[in-house]
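Working notes, beginning with the structure itself.
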Amino acid sequence: MKKIFKITTLFVMAFVTCFCVSTTITNAMPTETVYAVTLKQGSTGSTVRTVQTKLKNWGYYKGSVDGIFGSQTKEAVKYFQRKNGLKVDGIVGNQTLKALGISSGDSGSSTSGYSQSDIELLTRLIYGEARGESYVGQVAVGAVVMNRLRSSAFPNTMSGVIYQRYAFTAVDDGQINLSPNSSARKAALDAINGWDPTYGAIYYYNPRTATSSWIFTRQTTVTIGNHVFAK
C-alpha cells in the first residue's frame with residue numbers, strides 16, 4: 001500500500017513540476033503583435049484598397065484602387081517589400097502591414113475620423129461635379145476638397161469647404177442634391193483615405209466653361225479628363 005502511495009505521489013509531483021515549467025516558459029516567451037489581416041492575391045475589401053492607395057501614393061503601384069488584390073497589386077507589394085528589406089512573397093502579412101503603417105484595426109474605410117454625414121456630403125459633391133468623369137477624375141475632385149481642408153486658406157470642416165460661397169458649381173446649381181451612385185461614394189472614401197491624383201491641387205476647372213480669368217493664372221498640376229487641377 002505504501003509503495004502504491006509513493007508512486008502516486010511521485011506522479012502527481014512530476015505532473016505539477018511539468019505544468020509549472022511549461023507555464024514559466026510560456027510566460028517568458030516574448031509576445032508579438034498579431035495582425036488580424038493577411039492579404040494575398042484573391043483577397044478583396046477595404047483593407048486591400050488601403051494598401052493599394054498607399055502603394056500608389058508612394059509610386060509602387062500603377063493600377064486601379066479597386067479593393068481587389070490582383071496580379072498588379074501582388075507585384076507592387078513585392079516591389080515594396082524588396083525596397084524595404086522585407087521577405088519578398090507578395091503577401092501582406094504582419095511585417096509588411098507594419099511597414100505600410102497599417103495597424104490590425106485598419107479597415108481601409110475608417111475614414112480618419114470623418115462622420116457619415118461628411119462622407120455623404122463629399123459623395124454628393126463628387127457626383128454633382130464629376131459624375132461624367134473617369135473614376136480617377138472623380139477621386140481627384142474629392143482630393144481637392146481634402147487638400148482644402150488641410151489648407152489654412154480654407155474652412156477646416158467638410159461642410160465649410162463644400163458650402164463655401166461660389167466654391168463649387170454643383171452647390172450653386174443644386175446638383176449636389178442629386179442621389180449619388182456607388183462610384184461617387186467609393187471615390188469619396190479613396191480621397192478621404194489619402195489618394196490624391198491631383199498632386200496637391202486646391203483648385204480645378206473646365207477650361208472650356210471657366211469664366212474667371214484669375215483661375216488661368218494658377219499653377220497647373222495635372223489635367224484629368226475635362227478638368228485642369230491647379231495650386
Please test I126 against L122 for side chain to side chain contact (heavy atoms under 4.5 Å, CB included), starting from the C-alpha separation and ending with a verdict.
CA-CA 6 Å; I126 290 172; L122 183 59; 4.0 Å; yes
So Q175 and R131, side chain to side chain donor-acceptor pair (under 3.5 Å) or not? Walk me through it.
CA-CA 11 Å; Q175 291 189 69; R131 62 185 177 277; 2.8 Å; yes
For I176 and I162, run side chain to side chain contact (heavy atoms under 4.5 Å, CB included): C-alpha distance rounded to whole Å, both residues' side-chain angles, the deciding distance at 0.1 Å, then the answer.
CA-CA 10 Å; I176 195 170; I162 290 176; 3.7 Å; yes
Take W58 and L100 through the side chain to side chain contact (heavy atoms under 4.5 Å, CB included) test and state the conclusion after the steps.
CA-CA 10 Å; W58 297 341; L100 286 166; 3.7 Å; yes
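You'll find the side chain of P180 stays beyond 4.5 Å of the side chain of R185, heavy atoms only. Residues V222 and P197 are not in side-chain contact: their nearest non-hydrogen atoms beyond the backbone lie 4.5 Å or more apart. With contacts defined as side-chain heavy-atom distances shorter than 4.5 Å, the pair K186/D66 qualifies. The closest side-chain heavy-atom distance from I224 to Y204 is not below 4.5 Å.
The structure places CZ of F229 at 8.5 Å from OG1 of T223, a figure rounded to the nearest 0.5 Å. To the nearest 0.5 Å, atoms CD (Q138) and CD (E133) are separated by 8.0 Å. Taking CG of N193 as the start and OG1 of T50 as the end, the distance is 5.0 Å to the nearest 0.5 Å. Here the OG1-CD1 distance, from T220 to I215, works out to 9.0 Å after rounding to the nearest 0.5 Å. Note that CD of Q41 and CD1 of I68 are 12.0 Å apart. Values are rounded to the nearest 0.5 Å. With rounding to the nearest 0.5 angstrom, the OG1 atom of T53 is 9.0 Å from the CG atom of L55.
Between K78 and the choices T73, V88, I91, T96, the side-chain contact (heavy atoms from CB on, under 4.5 Å) rule is met once, by V88. Of the residues listed (N57, N147, T221), the one engaging D196 in a side-chain hydrogen bond (donor to acceptor under 3.5 Å, both in side chains) is N147, and it is the only one.
Of all heavy-atom pairs between R218 and Y203, the closest is NE-CE1, 3.7 Å. Taking all atoms of both residues into account, the shortest heavy-atom contact from A130 to H227 is CB-CE1, 4.5 Å. Residue E129 comes nearest to A170 through the heavy atom pair OE2-N, 2.6 Å, listed as atom of the first residue, atom of the second, then distance. Between V145 and M158 the shortest heavy-atom distance is CG1-SD, 3.7 Å. Taking each heavy atom of R124 and N177 in turn, the nearest pair found is NH1-OD1, 3.9 Å. In plain terms, the two heavy atoms of R49 and D190 that are nearest each other are CD-OD1, 2.7 Å.
Hydrophobic cluster membership differs between M146 and Y127, with clusters built from Ile, Leu, Val, Met, Phe, Trp and Tyr side chains linked at under 4.5 angstrom. Linking Ile, Leu, Val, Met, Phe, Trp and Tyr whenever their side-chain heavy atoms come within less than 4.5 Å puts V139 and Y199 in one cluster. When hydrophobic clusters are built by joining Ile, Leu, Val, Met, Phe, Trp and Tyr residues whose side-chain heavy atoms come closer than 4.5 Å, directly or via intermediates, Y79 is grouped together with F69.
Using a 3.5 Å distance cut-off with no hydrogens or angles, the side chains of S115 and D118 do pair a donor with an acceptor.
Judged by distance alone, the side chain of Q72 and the main-chain N or O of Y61 form no donor-acceptor pair under 3.5 Å.
By the 30° and 60° cut-offs, the orientation of the rings of F216 relative to Y205 is perpendicular. Relative ring orientation between Y60 and F80 is described as perpendicular, the plane-to-plane angle rising above 60° on a 0-90° scale split at 30° and 60°.
Around atom NZ of K40, no more than 12 heavy atoms belonging to other residues, nucleotides or ligands sit under 6.0 Å away.
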